[in-house]
Amino acid sequence: MNVLVIGSGAREHALCRSLSLDPDVTALHCAPGNAGIAEVAELHQVDALDGAAVTALANRLGAELVVVGPEAPLVAGVADAVRAAGIAVFGPSGEAARLEGSKAFAKDVMAAAGVPTARSYVCTTAEEVAGALAAFGAPYVVKDDGLAAGKGVVVTSDLDAAKAHAAACERVVIEEFLDGPEVSLFAVTDGETVVPLQPAQDFKRALDGDEGPNTGGMGAYSPLPWADPKLVDEVLHTVLQPTVDELRRRGTPFSGLLYAGLAITSRGVRVIEFNARFGDPETQVVLARLKTPLAGLLMAAATGNLADLPPLRWSEDAAVTVVVASHNYPGTPRTGDPITGLDEVAAEDAPHAYVLHAGTRQEGDAVVSAGGRVLSVTATGKDLTEARERAYRAVDRIGLDGSQHRTDIAAKAAAEAL
Ligand code: AMP
Ligand code: GLY
């Protein structure tokens, strides 16, 4: 199979890595990619938001499957353009991707499908905002309605900060605060059949102890030893399948990756958000544990054949990923700094630990930082403790001036599992 992956993050590196290990994949391309992806896939230039350009590239390369990684091209309708050209594509239509592109739309779908989520108001004026904040009380949850790369949400007990965030957005969703641990559950779907993957937990805040601002995600682990073994089945029946059924009923079927961000509250599971694509950094740990070849799974979703697919096979191993971010992320990150230690990780820590690149660029012989989240170190082990040790040993080999990473990824879960 000839596969083209669109995107340039650590998620796309993880996808390309798994695809490169799939014996059915005979040619692997990525656009635009990054310095790390170049080691497993052939890179091409493309404007990832331009459906016609992506389709032309796919045609030129003879791609049989196009995998669209990030949300922005999906919301822009890139998957529609590729599909219209008769090429199989993994990723939802622009209409269906509104599940991620508009939080208000997602709330509407959930209400129609009876999916449990936080109570909420959609507000466009300062008066509506003040009323909604007063109705729910602190802590306040204020979400930019549109795409914001994981940084559009403010959770605060400071009323002025909540109002200021709302004022900076055109349209916001204000909702009740959900307590309890968070779980990211991905499902592969062809618009009808829904195949859940293994759950993971992401660390959204920038600093240890869940302090600091929200980010795109600073680390993740899987499995979740503390979670109810029935959780996946429950979420399939109460969240994932009803949502997929509702979108099909509306005439805008969702095929691709449905990502449910969940809070396990004292009153049960609630959806925090939906995404229309693989999560980053959760994908790094979920794919590290998936034994079923990836290309066949994605192709079955893209062609409506998921019902015929045998059950997925999973490794018993645990996986941990730690994101190394630039100085000042998630503000305006500093870029252009050289990254050292990549060869040492490859020489000393592989195959149990490896680096997945996000914001990196090749400059002559050097790999330099080119974004907020620069790379993520992923490791597997017989349990979370071993996976953590291996991940942090590799992180310690990486040199990047001013970089930051959390030191407590999976720490609590690993300690509790002992
Ligand atoms: P979202 O982009 O909607 O996933 O929100 C980003 C992060 O903000 C989530 O992962 C949560 O940590 C937090 N968050 C969002 N909504 C809520 C809520 N209703 N209650 C508590 N925390 C929330
Ligand atoms: N890790 C959160 C996200 O991908 O949105």
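FYI, the numbering just counts along the sequence from 1. Just so you know, ligand 1 is whichever comes first in the structure, and atom 1 is the first atom listed for that ligand.
- Remark: side-chain polar atoms of T189 are not paired, donor with acceptor, to backbone N or O of S255 under 3.5 angstrom.
- Residue-ligand proximity: S184 is placed with every non-hydrogen atom at 4.0 Å or more from ligand 2.
- Of all the atoms in ligand 1, the ones that sit under 4.0 Å from a non-hydrogen atom of N214 are 7 (C), 8 (O).
- Every atom of ligand 1 is numbered from 1 in the order shown, and the set under 4.0 Å from a heavy atom of I272 is 3 (O), 4 (O), 15 (C), 16 (N).
- Under the 3.5 Å distance criterion, the side-chain polar atoms of E234 are left unmatched by any main-chain donor or acceptor of V239.
- D145 places a side-chain N or O within donor-acceptor distance of the main-chain N or O of K103, the cut-off being under 3.5 Å.
- The distance from the OG1 atom of T193 to the CD atom of Q241 is 7.5 Å, given to the nearest 0.5 Å.
- If you number the atoms of ligand 2 from 1 as listed, the ones under 4.0 Å from a heavy atom of D202 come out as 1 (N), 2 (C).
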| Evaluation steps, side-chain contact (heavy atoms from CB on, under 4.5 Å), between V269 and T265 | CA-CA 6 Å; V269 173; T265 77; over 6 Å; no

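- For Y259, the closest heavy-atom approach to ligand 2 falls below 4.0 Å.
- Contacts between E282 and ligand 2 below 4.0 angstrom, taking non-hydrogen atoms only, involve the side chain exclusively.
- Put simply, the side chain of E246 never gets that close to the backbone of V109: no donor and acceptor are under 3.5 Å apart.
- Close contacts of ligand 2 with G279, meaning ligand atoms under 4.0 Å from a residue heavy atom, involve 4 (O).
- Near E182, meaning under 4.0 Å from any of its heavy atoms, are these atoms of ligand 1: 9 (C), 10 (O), 11 (C), 12 (O).
- Put simply, part of E176 is less than 4.0 Å from ligand 1, judged by heavy atoms.
- The shortest N or O to N or O distance between G217 and ligand 2 is not under 3.5 Å.
- Taking the ring centre of F136 as origin, the terminal cationic atom of R119 falls outside the region bounded by 6.0 Å and 45° from the ring axis.
- Evaluated by nearest non-hydrogen atom to atom 19 (N) of ligand 1, the leading choice among E175, K143, K103, E273 is E175.
- In this structure, the salt bridge (Lys or Arg N to Asp or Glu O under 4.0 Å) partners of R248, at least two apart in sequence or on a different chain, are D245.
- Below 3.5 Å of separation, one finds no N or O of F177 facing any N or O of ligand 1.
- Annotation for ligand 2: atoms under 4.0 Å from non-hydrogen atoms of K204 are 2 (C).
- Contact annotation for R277 and ligand 2: only side-chain heavy atoms (C-beta onward) come within less than 4.0 Å of the ligand.
- Residue contacts with ligand 1 for D202 are absent, since no atom lies close enough (heavy atoms, distance under 4.0 Å).
- Less than 4.0 angstrom separates some heavy atom of V141 from each of these atoms of ligand 1: 16 (N), 17 (C), 18 (C), 19 (N), 20 (N).
- Residues satisfying the salt bridge (Lys or Arg N to Asp or Glu O under 4.0 Å) test with E211, not counting sequence neighbours, are none.
- A cation-pi arrangement, defined by a distance under 6.0 Å to the six-membered ring centre and an angle within 45 degrees of its axis, is present between R98 and F105.
- By the criterion of a heavy-atom distance under 4.0 Å, the side chain of V153, and not its backbone, is placed next to ligand 1.
- For a threshold of 3.5 Å applied to N or O pairs, the pair formed by E273 and ligand 2 contains no separation below that value.
- Here R388 does not pair with D383 in a salt bridge; the nearest charged N to carboxylate O distance is not below 4.0 Å.
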